[in-house]
Amino acid sequence: MKYSVITGASSGIGYETALAFAARGKNLIIVARRIDKLEELKTTIHKINPQLDVIICTADLSVTDEAYILYNKLKGYEIETWINNAGLGESAFVADQNLSKVETMLRVNIESLTILSTLFVRDYADQEGTQLINVSSALGYAIVVGSITYSASKYYVSSFTEGLAKELELNGAKLKAKVLAPAMTETEFAKNATDLDHFNYKENLPMYHTAKQVAGFMMELYDSNAVVGVVDQNYEFKISNPIYPIIEV
Ligand code: NAP
């Protein structure tokens with residue numbers, strides 16, 4: 001039995017990605033803090049395919065120890081794909097940003113993603129058919145004033161993952177590392193980033209994707225040999241070679 005792990009599966013892109021993997025007949029390990037949402041997802045998956053094994057794991061990935069505990073809990077499963085999707089934003093000018101929220105964001109977006117990526121690479125670098133997909137953002141390739149710290153956290157995700165992909169290639173590893181960089185997507189993300197009770201995408205944005213569309217981009221990247229899948233300024237999804245310059249020593 002092989003499994004695909006998706007962090008941040010309780011809503012938005014992670015939720016729809018879990019459904020897309022389920023449609024491919026993949027057993028799933030779904031991770032987030034909200035167990036009720038994960039149980040709802042498991043029920044929905046079993047309506048699509050009752051044969052699939054779906055493991056629910058709760059973890060607060062803003063707590064460093066919980067990233068290690070999560071990984072160790074999953075040691076007994078054979079994992080073919082690991083998707084670090086959990087993440088959050090902070091929409092504010094730097095001087096005005098909520099530092100407690102920023103600390104949480106940096107721990108989830110950067111620290112836990114780095115810990116989980118490293119542990120997965122250690123165990124699976126030589127396993128044929130394995131993939132690590134880290135979810136960055138279009139803001140991981142272009143800075144947007146008003147969300148600079150979030151954007152910088154996603155620059156980290158993009159450069160870390162592109163560099164890791166190169167390192168794996170140079171070492172002849174079988175594991176592929178990839179980075180998905182969506183643009184504005186209708187999820188709980190904007191509401192949480194702006195601390196509003198509700199964010200109306202239709203009224204506030206000229207263009208955006210649905211989470212289901214982005215899950216489709218995820219599958220396109222998963223099926224390709226490319227390292228990067230990025231939504232460009234015209235809201236078109238492009239599979240591409242690594243974007244950052246890399247120095248090989
Ligand atoms: P979302 O609907 O808010 O989903 C975020 C997911 O992350 C939820 O499942 C949430 O689960 C999980 N999460 C947040 N904090 C967590 C924590 N401390 N521990 C564990 N899990 C945590 O937003 P989304 O848009 O789908 O975001 C998914 C990814 O896409 C993020 O990395 C985001 O940066 C990226 N992205 C989003 C957009 C966009 O416009 N929506 C654009 C580009 C990139 P719980 O709350 O249940 O823990």
Side-chain angles (χ1 to χ4, degrees), residues 5-20 28-42 56-71 83-91 100-117 133-142 144 147 149-158 160-161 179-196 198-199 201 204-205 207-215 217-218 221 228-232 235 237:
V5 177
I6 302 173
T7 71
S10 61
S11 73
I13 296 167
Y15 190 99
E16 289 295 337
T17 298
L19 292 178
L28 285 157
I29 298 170
I30 49 177
V31 184
R33 290 168 300 178
R34 288 171 296 174
I35 192 163
D36 54 324
K37 298 279 180 189
L38 294 176
E39 275 163 358
E40 182 192 304
L41 173 59
K42 182 174 176 171
I56 289 176
C57 280
T58 53
D60 182 346
L61 295 174
S62 70
V63 179
T64 311
D65 281 355
E66 293 205 22
Y68 287 101
I69 291 165
L70 168 68
Y71 192 84
I83 300 178
N84 284 312
N85 162 75
L88 65 148
E90 159 75 332
S91 185
S100 150
K101 195 169 160 201
V102 165
E103 284 179 23
T104 301
M105 177 178 77
L106 296 179
R107 283 197 291 265
V108 177
N109 294 11
I110 296 180
E111 194 176 273
S112 281
L113 177 136
T114 307
I115 292 166
L116 294 170
S117 297
I133 304 179
N134 286 334
V135 178
S136 177
S137 167
L139 302 198
Y141 292 98
V144 168
S147 296
T149 310
Y150 169 71
S151 190
S153 79
K154 292 301 187 178
Y155 267 70
Y156 177 90
V157 175
S158 297
F160 171 78
T161 312
V179 50
L180 180 78
M184 287 305 293
T185 309
E186 189 176 21
T187 66
E188 296 178 11
F189 179 88
K191 168 176 79 72
N192 293 333
T194 52
D195 291 324
L196 295 169
H198 176 70
F199 183 90
Y201 280 77
N204 289 292
L205 297 171
M207 278 198 277
Y208 59 90
H209 287 122
T210 64
K212 197 172 180 167
Q213 284 175 307
V214 175
F217 303 152
M218 177 80 80
L221 179 64
V228 178
V230 61
V231 175
D232 71 12
Y235 272 71
F237 182 64

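Ligands are counted one by one from 1 in listed order, and the atoms in each one are counted from 1 as well.
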Original post:
Distance only, no hydrogens: is a donor on one side chain within 3.5 Å (strictly under) of an acceptor on the other, for E111 and T64?
Top reply: yes

Subject >> Value rounded to 0.5 Å, distance of CD1 in I6 from CD1 in I83 >> reply: 4.5 Å

Original post:
Are the charged groups of E66 and R107 less than 4.0 angstrom apart, N to O?
Top reply: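 Looking at R107 together with E66, the answer is no, because their closest N to O distance does not fall below 4.0 Å.
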
**OP:** Tell me whether the centres of the aromatic rings in F237 and H209 are closer together than 6.0 Å.
**Re:** no

Subject >> Within the 6.0 Å centroid threshold, strictly below: F189 and Y150 >> reply: yes

Subject >> Whether Y156 and F160 hold their rings parallel, tilted or perpendicular, with breakpoints at 30° and 60° >> reply: parallel

**OP:** Compile the protein residues with any heavy atom at a distance under 4.0 Å from an atom of ligand 1; present them by chain, then by number.
**Re:** G8, A9, S10, S11, G12, I13, A32, R33, R34, A59, D60, L61, S62, N85, A86, G87, V108, V135, S136, S137, Y150, K154, P182, A183, M184, T185, T187, E188, F189, N192

